[in-house]
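Just follow the structure's listing: the first ligand is 1, and inside any ligand the first atom is 1. In what follows, every heavy atom counts, from backbone to side chain, and hydrogens, waters and symmetry copies are set aside. In what follows, residues are counted from 1 in the order of the sequence shown. Because the structure is a prediction, the values reported are computed rather than measured.
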Amino acid sequence: MKNILITGGAGFIGSSLALKLIDRGYSVTVLDSLSEQIHSENPEKNSPLYQRILGKVKFIKGDVSNRKDIEKSIENQDAIIHLAAETGTGQSMYEIERYNRVNVSGTALILDVLVNKKNGVKKFVLASSRAVYGEGKYQDSSAKIVFPSNRRTDLMEKGIFEMTDDKGEIIKPLPTSEDSKLHPTSFYGLTKLQQEQMVKLVCPTISVDYVILRYQNVYGVGQSLVNPYTGILSIFSSQILSGKDINIFEDGLPTRDFINIKDVTEATIRSLEMDAANNQTINIGTGIATTVKSVAENLVEGYQKDVTVSVTGNFRIGDIRHNFADIYLMKNLLHYEPKVSFSQGMQAFTQWVVKQPVLENDFEASLQEMKQKGFLKT
Ligand SMILES: NC(=O)c1ccc[n+]([C@@H]2O[C@H](COP(=O)([O-])OP(=O)(O)OC[C@H]3O[C@@H](n4cnc5c(N)ncnc54)[C@H](O)[C@@H]3O)[C@@H](O)[C@H]2O)c1
């Protein structure tokens, strides 16, 4: 395989991946709409993400929901890494049509073109998400494995955020393995699950090998600093650097599995190159749970700013409480274990952020919007 198409290749993960693939001798084509939410206004001029791939890839400005753009992009490609998507969990709860159009219909259209137009694509790598698991795997008070569904709004309004079982006992999160129950709690998660199902169904009918990668929370150098809808490290960083206190949702103790972009690009390239990954679904994470509060505190320390981190008890409908990955398959199929520790990754990230131009992040406005729609409870 030599020619690789990355949809969404001007984004955070896509641009890092493109650069690494080029280093390894691949020819990379990028199909990307340069969405303003990620790349800011006048992206050709202002987007650092776009600038880093400019002149290095064959760039096609286009939309995954436009057949002609896809037809043009797949010409002479050996493989597709499909990353283009709308990615805000909270935003997806009220921008349903848009998330459906880009994530679900866009993926359906790519598959339709692969089925109906002559092409040389042999492999399809899909960027899925931990969001397909919803709350993921837990152990209840009788040591039984359970997959709890959404938390109850009435309990969260009383400040009860942990997952509980039938007896009202707090249950323990476990590393979530790929065979866990799939029951997303957000519309975004649902679109990712639909993408997976379409890819699994269609690719075998045209003898294209697929790999589904369920990324955990990806962070690191290069992530969009202007998108207020996703990426807590960016959102917190913008707040801290503009001297604003950090107000964290719930009790600050939800956990996520933060994996550095360097590890994500390496694992993704392995999934592209290794036959052992063919037709598999693989978690890409570290297996380590980190609280949101500790992320905020580490960032404040990293930037050495005098801002306060407080917990608000506010919460968003659709947010999960805990999730961290079981990475057995990643280790055994891709022979890969994450190399960048969270503290190393945070240090590199904060050192990079302070060198970036200060761009407006409309986080406060996004919260107001969410509140107005009834998805942020205060
Ligand atoms: N970053 C994470 O933590 C994370 C976690 C789990 C899964 N993922 C998945 O990985 C993929 C890449 O995520 P990312 O963090 O790089 O996101 P990103 O927002 O930085 O990049 C997405 C790219 O897709 C482009 N795009 C959006 N709509 C498009 C459309 N209609 N047509 C063409 N291009 C379009 C955007 O302009 C952007 O460049 C997504 O599919 C996302 O769901 C990311």
_Linked hydrophobic residues, Leu174 as query - side chain contacts closer than 4.5 Å_ = Ile145, Phe147
*Name all pairs fulfilling the ring-ring contact (aromatic ring centres under 6.0 Å, His included) condition that reach into residues 287-324, sequence neighbours left out, sorted by first residue then second.*
none
*Counting only heavy atoms not in Lys20, do more than 12 sit closer than 6.0 Å to its NZ atom?*
yes
*What residues, two or more places apart in sequence or in another chain, satisfy side-chain hydrogen bond (donor to acceptor under 3.5 Å, both in side chains) together with Asp251?*
Arg321
*Working to the nearest 0.5 Å, report the span between CD of Gln223 and CD1 of Ile261.*
8.5 Å
_Neighbour list for ligand 1 [protein residues, heavy atom under 4.0 Å]_ = Gly8, Ala10, Gly11, Phe12, Ile13, Asp32, Ser33, Leu34, Ser35, Ile38, His39, Gly62, Asp63, Val64, Leu83, Ala84, Ala85, Thr87, Val102, Ala127, Ser128, Ser129, Tyr188, Lys192, Tyr215, Gln216, Asn217, Val218
*Go through the side-chain N and O atoms of Thr378 and Asn314 and say whether any donor and acceptor fall under 3.5 Å apart.*
no
